[in-house]
Engineer: 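Here's a structure for you.
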Amino acid sequence: MAGITDRPFRQLCREFGAGMAVSEMVSSNPALRDHQRTRLRVDHAGEAEPRSVQILGTEPTQMANFARHNAERGAQIIDINLGCPAKKVCSAAAGSALLKDEALVGRILGAVVRAVDVPVTVKIRTGWDAANRNALRIATIAQESGIQAITVHGRTRACGFAGHAEYATIRLIKQAVRIPVIANGDIDTPEKARAVLDSTGADAVMIGRAALGRPWLFRGMRRHLAGGPSFASLDQAEARAVVTGHLQALHDFYGAFVGVRIARKHLGWYMKSLLGAMPPEMQAINRVEHPEEQLVLVDRLFDYPSFKELAA
Ligand SMILES: Cc1cc2nc3c(=O)[nH]c(=O)nc-3n(C[C@H](O)[C@H](O)[C@H](O)COP(=O)(O)O)c2cc1C
């Protein structure tokens, strides 16, 4: 997820049991390649394998070159984004806009697969809109192009993030192709993960928004999918360690100025997920500029005897 699945967050999700955590999407446009932000997006130092990097673009040769560039720098899987609905991305006919041009999809996928020795995967939506739900054809093109797995978000581009994801199309795709199919969209509990796996026959599920402020969700899911008890939340001491550890990792990764700001975003998600609300202390915390001070104030939040009191 752009702006979210940086290395610190990917590592945290992996520690809690996610089988794989894909990088933020990176543009194949060579003009952006040397930006500091782009470099951080493909920084895998110390990261667990397999390291998957998602690339975005519209031009087959450029995509192929960029895939090779990433494989040479440690990517062990190249994931191609055909699902991004963002206006900025679609007006450049990238992301989900590509779904409208099946011939171009075939050329891009083929060029990238030929360019690298590592597996290439693809992430799609179910189509451009309800009248053009062509995910099944795209999945077949992907398989014929040598793509090794396909993730399907059960919404069209026109849906944005509205309404509910539908899984019937994912089931049809799973029945039609031999490559692994990963189901995605609105999966936010271990029970839902089980239900979606059962109803679609998919080989795996991918979790997006539900992991924000809740990376421990993967632990509950893993346990439940292995036949164990369902969701087991974490206690206050573990929450303190996870949140402060994440903040520290963000400060180290981005440096003080950017790290503190990115940490604020995650803190908001943590508070929402742990407390269901923002404690009044967050106002002061959000004004803090220094990493140490941010850490001290956040650590203090967890001195309350219980989450309940903290939320009061
Ligand atoms: C803020 C945000 C950024 C996202 N960035 C990406 C991205 O870079 N690449 C991608 O394939 N999907 C991206 N997505 C889509 C998610 O991967 C996922 O397909 C979608 O949110 C539905 O799954 P969920 O209901 O589990 O969140 C993004 C979603 C959000 C909310």
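Counting convention: from 1, in listed order, for ligands and their atoms alike.
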Engineer: Heavy-atom distance under 4.5 Å between the side chains of Thr5 and Gln54, does that happen here?
Structural biologist: no
Engineer: Step through the shown structure and confirm whether more than 12 heavy atoms of other residues, nucleotides or ligands are within 6.0 Å of NZ on Lys265.
Structural biologist: yes
Engineer: Is any NZ, NE, NH1 or NH2 atom of the basic residue among Asp188 and Arg209 found under 4.0 Å from an Asp or Glu carboxylate oxygen of the other?
Structural biologist: no
Engineer: State whether Glu102 and Arg107 are salt-bridged, where the test is any N-O pair (Lys NZ or Arg NE/NH1/NH2 against Asp/Glu carboxylate O) under 4.0 Å.
Structural biologist: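 Here Glu102 does not pair with Arg107 in a salt bridge, since their nearest N and O are not under 4.0 Å apart.
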Engineer: Exactly which residues line ligand 1, taking a heavy atom under 4.0 Å from it as the test?
Structural biologist: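 Met1, Ala2, Ile4, Met25, Gln54, Asn81, Lys123, His153, Phe161, Asn184, Gly185, Asp186, Ile207, Gly208, Arg209.
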Engineer: Does a side-chain heavy-atom distance below 4.5 Å link Met63 with Pro60?
Structural biologist: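 Sidechains of Pro60 and Met63: no contact.
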Engineer: Inspect the contact between Asp79 and Lys123 and indicate whether a charged nitrogen and a carboxylate oxygen are less than 4.0 angstrom apart.
Structural biologist: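 Looking at Asp79 together with Lys123, the answer is no, because their closest N to O distance does not fall below 4.0 Å.
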